[in-house]
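Remember, it's 1-based here, ligands and their atoms both numbered in the order they're listed. Bear in mind the structure is a predicted one, so any value in this text is a computation, not a measurement.
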Amino acid sequence: MDLKVKAQSQKYLKKFVLDEGLCTGCGACVGLCPYQVIYHDRTVQLHPCDLTDGRCFDYCPRTPADLQAIREVFFAKEDLTPEIGAVKGYFFSRATDADLRAVSQHGGTVTALLGLALAEGWIDSAIVASPQQDLNREGVMVRDGSDLRKNAKSQFTVSPTVAAFHRLATENAGAVGVVATPCQALALAKMRFHPGREDAAKADRLKLVVGLYCGWTLEAEKYARLLREKEIDWASVLKTDIPAGKNVLEVFTGGGRKTIPFEEVQDCIREACRYCVDSTAEFADVSVGSARFAGDWEEVRQWNQLIVRSERGRQLVELAAHKGVLEIREAPAESLQELKEAAARKKTEALKNLVRKSGSVKNLLYLDGRDPAVKKYLEVENKIKKRSK
Ligand SMILES: Cc1cc2nc3c(=O)[nH]c(=O)nc-3n(C[C@H](O)[C@H](O)[C@H](O)COP(=O)(O)OP(=O)(O)OC[C@H]3O[C@@H](n4cnc5c(N)ncnc54)[C@H](O)[C@@H]3O)c2cc1C
Ligand code: SF4
Ligand code: SF4
């Protein structure tokens, strides 16, 4: 996609993002004007707009941008890696509070870090994703640790969190922290990098982005159907997880644990996720995922992987260790290597899917083949192709 297509932004958002199946549901184009809304997990244009400098187009994580320029503004150049973005530190971590871990997805690192940032006055409010009746999540603003806990855990469906940021990060919100998947974190970074005049003060209020690792999200409608087929009542689901190396989705209800093989989940994955090159939220201050180390999964699942990316992230993690909010273990070099290899696989696969969609290696839709991270994985893909001929 040529950057010049920005003229008539909303029209091109439809043509190049929505109609191409690239929309991640992040919500960055919603709440800026009355014309764009999210209906369940779909982005809908209610009315045409002929503005030529639409912020909807600018902030969307699936429109072209100079990603290297954004990386170099927010992160130290010497920390940048092609596989997983900036790395200042890489650890295993978990909340020291066992009660918090019990209500969290894994080790409770995300909720513990945000709780600390609120308690220490680094932020005045946090935007997290609250579970909804329709299986999706909705961004909500919370101001204390108890509300953070109520909105912990993951359920692997979409949350238009950036729309909530647009709506709720008003002057009254003070300094704001956001929990974001990789696509949401990129949208927020694009806004902070080049905010529209109307958003400059709001962008300045964004003081912390806690990123989540993300492999994919599930389309709520299809996922609801799958749960019905498996005789799982959504209302009774207490937790959903992806245990390491098992290739199943685990669903816990009051009645116990059920597993759904990945092959059956495949159909529910949002199309946009197949074109996504970021699995670790490269544009966040810190990124958190489930831990992967040898041992009993019931023990491992109570830990997180933690990537420290920015100076702000480093200070927060150091404070969390110092105050005894987080227990932190040095992660071995092999774990970081495994993470990089997994991230590289997602990038290569996404690039392959983008080339397949556009029909040409020269057209990567929203990505630029000259970007250093993209270039590296295009070359990997080309080598594999040549070898297999
Ligand atoms: C869609 C999705 C896919 C994921 N895929 C992977 C993966 O492939 N590999 C991996 O290691 N980890 C993945 N994770 C992250 C993992 O599920 C945990 O969130 C992470 O390990 C942090 O654990 P925790 O105990 O610190 O989180 P908690 O302390 O429980 O906090 C989780 C936070 O995430 C927020 N949240 C939940 N859903 C969303 C959403 N859709 N958008 C934005 N915020 C949300 C909650 O509001 C809460 O603040 C994924 C998460 C999501 C939401
Ligand atoms: S990816 Fe986000 S910003 Fe782009 S069209 Fe979809 S919801 Fe809007
Ligand atoms: S896989 Fe990528 S596009 Fe899909 S939800 Fe996760 S970060 Fe967004």
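Taking the six-membered ring where tryptophan is involved, the planes of Y35 and H47 are tilted, since the angle between them lies from 30° to 60°.
Short contacts between ligand 2 and T43, defined as distances under 4.0 Å to a heavy atom of the residue, involve ligand atoms 6 (Fe), 7 (S). With ligand atoms numbered from 1 in the order given, ligand 3 contributes 1 (S) to contacts under 4.0 Å with heavy atoms of G215. In the vicinity of R62, heavy-atom distances shorter than 4.0 Å reach the ligand 3 atoms 3 (S). Counting the atoms of ligand 3 from 1 in the order shown, those under 4.0 Å from a heavy atom of K346 are 1 (S), 2 (Fe).
Residue contacts with ligand 3, taken as heavy atom pairs separated by less than 4.0 Å, do not involve E271 at all. Residue R274 does not touch ligand 3, judged by heavy-atom distances below 4.0 Å.
Residues T253 and K258 have side chains not in contact (no heavy-atom distance under 4.5 Å, counting atoms from C-beta outward).
Within the structure, side-chain hydrogen bond (donor to acceptor under 3.5 Å, both in side chains) pairs that include any residue of residues 16-25 comprise K14-D19 (at least two apart or interchain).
In this structure, the ring of F293 has its center less than 6.0 angstrom from the ring center of F92.
Judged by distance alone, the side chains of N151 and S130 do bring a donor and an acceptor atom under 3.5 Å apart. A donor and an acceptor atom, one from each side chain of T63 and K190, are located under 3.5 Å apart. Looking only at atom types and distance, the side chain of Q45 has a donor-acceptor partner in the side chain of Q36 under 3.5 Å away. At a cut-off of 3.5 Å, with distance as the only test, no side-chain donor of T157 or T217 sits close to an acceptor on the other residue. Between the side chains of T181 and Q184, a donor-acceptor pair is found at a separation under 3.5 Å.
Taking a cut-off of 2.8 Å, the protein N, O or S atoms nearer than that to atom 2 (Fe) of ligand 3 are C276 SG.
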**Prompt:** What do the steps show when you test T161 against S159 for side-chain hydrogen bond (donor to acceptor under 3.5 Å, both in side chains), and what is the final call?
**Reply:** CA-CA 5 Å; T161 289; S159 167; 2.7 Å; yes
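Of the candidates R55, R205, R192, R55 is the only one forming a salt bridge (charged side-chain N to carboxylate O under 4.0 Å, His left out) with D199. For the side-chain contact (heavy atoms from CB on, under 4.5 Å) test with L316, the passing option among V286, D285, L326, L208 is L208; the others fail.
Counting only heavy atoms of the protein, atom 8 (Fe) of ligand 2 lies nearest to C29 SG, 2.2 Å.
Summarising the hydrophobic clusters (Ile, Leu, Val, Met, Phe, Trp, Tyr; side-chain heavy atoms under 4.5 Å, direct or chained), the residues clustered with F165 are L32, Y59, I127, M141, V162, L168, V176, V178, L188, M191, L206, V209.
Listed by chain and number, S104, Q105, H106, G107, G108, T109, V110, T111, V128, A129, R137, N151, A152, K153, S154, F156, T157, S159, T161, V179, T181, Q184, L212, Y213, C214, G215, W216, T217, V288, G289, S290, N304 each place a non-hydrogen atom less than 4.0 angstrom from ligand 1.
The nearest non-hydrogen atom to atom 4 (Fe) of ligand 2, considering only C23, A28, C60, C26, comes from C60.
Using 4.0 Å as the threshold, G27 has a heavy atom nearer than that to some atom of ligand 2.
Salt-bridge annotation for K230 and E264: present, with a side-chain N of the basic residue lying under 4.0 Å from a carboxylate O of the acidic one.
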